[in-house]
2 protein chains.
Amino acid sequence: MSKAVPRFEECCHPLTAAALDEAEAVVLAEALRVLADPARLRLLSLVATAPDGEACACDLVEPLARSQPTISHHLAMLVEAGFLTREKRGRWAWYRVVPERLELLRSALQPEAAQA
Amino acid sequence: MSKAVPRFEECCHPLTAAALDEAEAVVLAEALRVLADPARLRLLSLVATAPDGEACACDLVEPLARSQPTISHHLAMLVEAGFLTREKRGRWAWYRVVPERLELLRSALQPEAAQA
DNA sequence: TGGCCATATCGACAAATGTCGATGTGAACG
DNA sequence: CGTTCACATCGACATTTGTCGATATGGCCA
């Protein structure tokens, strides 16, 4: 489940510009799959709307109504996929969204996108 | 796997505007999950780039390198989720993309989206 | 009408995934 | 130091999912 080099640029060849080959489709699908889960969408949403744009993992377990290991697992997936960054301060882990990563995905869904 | 009323409007509350509740997250995740597969992304891409914006199912099996039932299954999912429309003409089934549906999804990933 | 063709549906199965409880790790604090 | 706390990792398990071959459906044509 871990990649040496997350190839984000390859991720988002626009769907409607040219037919995707299998390799491109796999990379894009992996990115979308990370978002295609209610728990991870809510985590992303919670972090995005948190004061100062960052949220502590300790504040994310309760609202999700899932166990702490499960939350930790989902956060790790979001970080590995580049949608979140993690900064450990003392005993706590703080998360921030990476807007550029979301924008990259959006560009793949864009009609007639000029990926230049 | 079939819904009486596909609630597309509920689908795409912007992630970064307000924290998603579980129900909203489930709907959005379902939409993303449909796209989070290489075969379905390639189908969408093939239809989008086809001449006159429509493609016959008969031309989609070979490039995908999967069996005919598998292609049919993925096309059905894309239609049910609203990303494609199907029109049966004679013995053939013709598919078209629904750009508004993709745009709806894009709006959910939009930072600071004004969903008004 | 009978056969062929394109597509959809069915049933099955291996692989992937979300979830949990138990446990490991490492920082802070008395 | 030993304890506590926040978080990550591990191992397990039930469910979901992508895929296939076999078969059903329904239009077209000789």
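Just so it is clear: chains get the letters A, B, ... in the order the sequence lines come, proteins before strands, and each one is counted from 1. Just so it is clear, the model here is predicted, and its values are computed rather than measured. All heavy atoms count here, side chains included; hydrogens, waters and symmetry mates do not.
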Of A/G90 and A/D37, the one whose closest nucleotide on DNA chain C sits nearer the 5' end is A/D37
Counting just side-chain N and O atoms, does B/R40 come under 4.0 Å of either OP1 or OP2 of D/dG18? yes
So OG of B/S107 and CG of B/L109: to nearest 0.5 Å the spacing works out to 8.5 Å
Taken to the nearest whole Å, CD/B/E80 to P/D/dT17 is 12 Å
inquiry  = Whether the side chain of B/R106 engages the backbone of A/R106 through a donor-acceptor N/O pair (distance < 3.5 Å, no angle test) should be reported.
reply    = yes
Atom CZ of A/R42 and atom C1' of C/dT19 are separated, to the nearest Å, by 16 Å
To the nearest angstrom, the CD-P distance between A/E30 and D/dG18 comes to 14 Å
List every contact pair, protein side and nucleotides 2-9 of chain D side both N or O, where the distance is under 3.5 Å.
unit_1	atom_1	unit_2	atom_2	d
D/dA6	O3'	A/R91	O	3.3
D/dC7	OP1	A/C58	N	3.4
D/dC7	OP1	A/A93	N	3.2
D/dC7	OP2	A/C58	N	3.1
D/dA8	OP1	A/R86	NH1	2.5
D/dA8	OP1	A/Y95	OH	3.0
D/dA8	OP2	A/S72	OG	2.6
D/dA8	O5'	A/S72	OG	3.4
D/dA8	N7	A/Q68	NE2	2.9
D/dA8	N6	A/Q68	OE1	3.2

Considering only heavy side-chain atoms of B/H74, the closest of C/dC20, D/dT17, D/dG18 is D/dG18
*asked:* Atom CD of residue position B/E62 - does it have more than 12 heavy atoms of other residues, nucleotides or ligands inside 6.0 Å?
replied: no
*Indicate yes or no for a side-chain donor-acceptor contact from A/E24 to the backbone of A/D21 under 3.5 Å, with no hydrogens or angles considered.*
yes
From CZ of B/R33 across to P of C/dT17 the rounded distance in Å is 13 Å
- Message: Can a donor-acceptor pair be found, under 3.5 Å and without considering hydrogens, that links the side chain of A/S45 to the backbone of B/L15?
- Response: yes
Whole-Å distance, A/L35 CG to C/dT17 P, equals 14 Å
Open item on the list: Looking at B/R33, is its backbone amide N or carbonyl O close enough to the side chain of B/R40 to form a donor-acceptor pair, meaning the two atoms are under 3.5 Å apart?
Closed with: yes
note: B/E87, atom CD; C/dT7, atom C1'; distance rounded to Å ~ 15 Å
